[in-house]
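The block underneath contains the structure these notes are about, expressed in structure tokens.
First listed ligand is number 1; within each ligand, the first listed atom is number 1. Not measured: the values here are computed from a predicted model. Heads up: numbering here begins at 1 and tracks the sequence.
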Amino acid sequence: MRVLYAAAEIFPFAKSGGLADIAYALPKALSAEADVTAVMPLYRFIEKERFNVRATGERFTLKFGGGRYGVEIFVGTYEGAEFVFVYNTLLCDRDHLYGPPGEAYEDNDLRFAVFCHALVELTKRHSFDLLHLNDWHTAPAAVLARDAGLRAKTLFTIHNLAYQGVFDPASLKRTGIAKRHFDMEECEFYGRVNWMKCGIAHADAVTTVSPSYAVEIQEPEYGCGLDGFLRRHKEKLSGILNGIETTVFDPMNDPALAAGYGAGCLDGKRICKESLLKEIDMDKYELPLFIFIGRFTEQKGVELIIEAAGELAKRQALFSILGEGDPGYVDELRRISERYENFHLRVGYDEALSHRMYAAADFLLMPSRFEPCGLNQMIAMRYGAVPVVHAVGGLRDTVHPLGGAQDICGLGFLFDTMDSSALVECVDSAIALHKRGTVLERIVEFNMECDFSIERCASRYLELYRRLV
Ligand code: ADP
């Protein structure tokens with residue numbers, strides 16, 4: 001079985017979130033059982049020398065929407081695995097993936113249409129059996145493949161329904177999507193073109209990145225306007241829980257850490273905590289350290305932390321926050337970190353610092369309003385930080401309440417209602433647990449041994465691939 005796995009971002013070449021992590025780890029894990037080629041755009045900022053990116057000699061011109069777009073195919077290598085890159089100047093020659101922070105390039109429809117048409121061309125030329133598409137950037141390839149009469153099956157994975165790729169109606173023509181698809185049951189959405197809808201309508205199967213999210217998005221609260229549409233397609237919709245690449249996220253062998261450690265030998269974790277606290281100018285090693293890592297958006301529940309900050313500041317606990325995003329949230333978090341000495345904030349994207357924080361932390365805060373899957377909580381558990389989460393989506397599938405059935409993997413603190421007092425209550429329970437050192441240590445070690453690996457996730461995708469092809 002030959003699979004073309006397409007994503008707009010793949011770690012370590014380009015990453016804005018969890019999609020990039022999965023798009024790296026999943027094809028790699030699948031390659032033991034299937035012939036999977038991972039493909040993404042060759043953005044200008046990708047380090048070509050570092051990844052030995054070279055031209056394959058394959059070139060073609062795409063003609064659609066009255067335009068002609070020259071495409072060149074490259075390959076690159078990372079950790080022994082090969083990746084395919086699509087180069088076209090309009091798609092790739094930018095400083096950012098989708099636009100400057102908080103903005104989107106105006107021609108993102110045309111940029112990613114070039115990518116989608118190129119995917120269809122590659123599928124045709126190289127006789128792939130399955131085209132695995134991820135999120136809105138690649139969704140129209142499902143309808144384009146069908147219109148091109150390809151025999152390849154298409155699988156569309158929704159990593160986040162909140163980003164749908166919605167454009168004005170004129171976009172249809174310039175992106176080369178046939179006019180007949182501008183229909184309520186296909187790509188039309190309140191008079192505009194919706195790429196996510198196109199993908200859902202035309203893919204042979206649709207997955208979300210956790211089982212709970214597949215159910216939640218069929219309800220108005222989480223459906224982002226597509227709940228009714230998703231209910232109509234529910235026979236082909238299922239949820240497969242994401243996993244993490246356990247060689248990238250490995251506290252025993254992580255080059256970012258001051259010391260390595262694992263379940264049964266947590267001394268290194270203590271060194272990591274001391275070292276991070278020194279780095280961020282905090283002392284009081286004996287206090288529990290809570291971290292938050294992620295995009296500062298409504299999705300991630302940042303406003304809950306902001307609302308709770310006054311209360312949390314009174315606790316015997318430390319809070320360290322890393323992320324970037326909405327300037328309003330950045331300002332508020334800055335004010336909080338300047339005002340309260342037990343709050344630390346680092347604005348920016350810093351992969352190595354994130355690893356040091358997971359390793360140092362006693363607890364991870366993840367009060368997401370909605371969460372398609374969430375990787376942070378799985379990474380946190382692997383690094384021995386106990387998650388404190390809102391019980392939603394993938395968080396509900398991976399974090400189980402303490403005191404419940406003890407053989408279910410993934411233990412932490414959950415709150416049901418999106419309000420700051422519920423968060424503070426959970427933090428208080430976590431602080432109380434921290435005082436019971438050996439009990440906490442048992443939970444930490446239990447979580448560290450849980451299997452959140454990408455291999456487990458890959459075996460589920462493989463079953464689906466086999467059913468489809
Ligand atoms: P998202 O909704 O952003 O995709 P996920 O939980 O699926 O969230 O994945 C987030 C990934 O990005 C994790 O690997 C997390 O550690 C990482 N990450 C998020 N923000 C930052 C940041 N500011 N610096 C470093 N890593 C980050």
Side-chain angles (χ1 to χ4, degrees), residues 7-26 97-98 101-102 134-137 157-163 208-210 212-213 217 222 224 239-251 254 256-257 276 279-280 291-302 305 320-326 329-330 333 344-361 364-383 385 387-390 392-399 410 452 454 457:
E9 50 183 276
I10 301 180
F11 172 87
F13 312 108
K15 171 169 164 175
S16 77
L19 169 61
D21 287 325
I22 292 303
Y24 166 66
L26 184 60
L97 273 171
Y98 313 119
N134 293 281
D135 271 352
W136 69 265
H137 330 92
T157 298
I158 301 171
H159 295 257
N160 195 339
L161 191 68
Y163 303 94
T208 59
V209 287
S210 71
S212 287
Y213 194 59
I217 58 175
Y222 297 106
C224 305
I240 297 180
L241 189 70
N242 273 346
I244 54 172
E245 169 60 81
T246 47
T247 55
V248 173
F249 297 107
D250 178 8
D254 186 334
L257 305 188
L276 180 88
E279 176 183 343
I280 64 176
I291 58 164
F292 172 94
I293 297 173
R295 293 177 289 115
F296 296 153
T297 58
E298 205 191 334
Q299 176 193 342
K300 298 292 175 186
V302 179
I305 295 180
S320 174
I321 297 169
L322 165 66
E324 60 186 359
D326 188 323
Y329 287 143
V330 173
L333 291 169
H344 161 262
L345 171 70
R346 167 70 189 277
V347 178
Y349 193 96
D350 189 332
E351 194 76 31
L353 174 60
S354 77
H355 285 229
R356 293 198 293 277
M357 286 172 65
Y358 286 119
L364 169 86
L365 295 180
M366 206 162 168
S368 304
R369 186 167 291 280
F370 66 94
E371 194 54 81
C373 177
L375 297 177
N376 297 29
Q377 79 281 15
M378 296 192 245
I379 302 170
M381 287 190 268
R382 182 146 167 85
Y383 280 72
V388 177
V389 306
H390 179 215
V392 74
L395 297 171
R396 187 195 284 280
D397 294 335
T398 47
V399 183
F452 293 116
I454 193 71
C457 159

Does Gly348 come within less than 4.0 Å of ligand 1, judged by its heavy atoms? yes
Would you mind running through ligand 1 and noting each atom that sits below 4.0 Å from a heavy atom of Ser354? 25 (C), 26 (N)
Side chains of Val399 and Val388, heavy atoms from C-beta outward: is any pair under 4.5 Å? no
Do any nitrogen or oxygen atoms of Gly18 come within less than 3.5 Å of a nitrogen or oxygen of ligand 1? yes
Within 4.0 Å of some non-hydrogen atom of Gly323, the atoms of ligand 1 are 23 (N)
Do Leu375 and Phe452 come within less than 4.5 Å of each other through their side chains, counting heavy atoms only? no
Check Asn376 against ligand 1 and report side chain, backbone, both or neither, counting heavy atoms closer than 4.0 Å. both
What are the two closest heavy atoms between Ala14 and Ala20, and how far apart are they? O-CB, 3.5 Å
Please could you name the atoms of ligand 1 that Gly17 approaches to less than 4.0 Å, counting only its heavy atoms? 3 (O), 4 (O)
Would you say ligand 1 has an N or O under 3.5 Å from any N or O of Ser16? no
Which class fits the ring pair His137 and Tyr98: parallel under 30°, tilted 30 to 60°, perpendicular over 60°? parallel
Answer with side chain, backbone, both or neither: which part of Asn160 has a heavy atom less than 4.0 angstrom from an atom of ligand 1? neither
shortest atom 5 (P) of ligand 1-to-protein heavy-atom contact is with Leu375 N, 3.7 Å
So Lys15 and Tyr349, do their side chains get closer than 4.5 Å, heavy atoms only? yes
Go through ligand 1 atom by atom and flag the ones less than 4.0 Å from a non-hydrogen atom of Arg295. 1 (P), 2 (O), 3 (O)
With heavy-atom distances below 4.5 Å as the criterion, would you say the side chains of Ile280 and Arg346 are in contact? no
Kindly confirm or rule out an N or O of Glu324 lying under 3.5 angstrom from an N or O of ligand 1. no
What do you reckon, does Cys373 put a non-hydrogen atom under 4.0 Å from ligand 1? no
Regarding ligand 1, does Lys15 bring an N or O atom to under 3.5 Å of one of the ligand's N or O atoms? yes
With heavy-atom distances below 4.5 Å as the criterion, would you say the side chains of Ser320 and Arg356 are in contact? no
Which residue holds the protein heavy atom closest to atom 21 (C) of ligand 1, what is that atom called, and what is the gap in Å? Tyr349 CE1, 3.4 Å
The answer for which part of Lys300 has a heavy atom under 4.0 Å from ligand 1 is side chain
Any nitrogen or oxygen of Asp21, main chain or side chain, under 3.5 Å from a nitrogen or oxygen of ligand 1? yes
for atom 25 (C) of ligand 1, nearest protein heavy atom and its distance come out as Asp350 O, 3.3 Å
Using side-chain heavy atoms (C-beta onward) and a distance below 4.5 Å, is Phe292 in contact with Leu345? no
Do the ring centers of His390 and Phe370 come within less than 6.0 Å of each other? no
So if I count the atoms of ligand 1 from 1 in the order they appear, which ones are less than 4.0 Å from some heavy atom of Tyr358? 15 (C), 16 (O)
Check the pair Arg369 / Val392 against side-chain contact (heavy atoms from CB on, under 4.5 Å), numbers first and verdict last. CA-CA 8 Å; Arg369 186 167 291 280; Val392 74; over 6 Å; no
Presence of salt bridge, Asp326 and Arg295, under 4.0 angstrom: no
Between Tyr383 and Asp250, the two heavy atoms sitting closest are OH-N, 3.1 Å
Under 3.5 Å, N or O to N or O, is Ile293 touching ligand 1 that way? no
Tell me which protein heavy atom sits closest to atom 19 (C) of ligand 1, plus the residue, atom name and distance to 0.1 Å. Gly294 CA, 3.8 Å
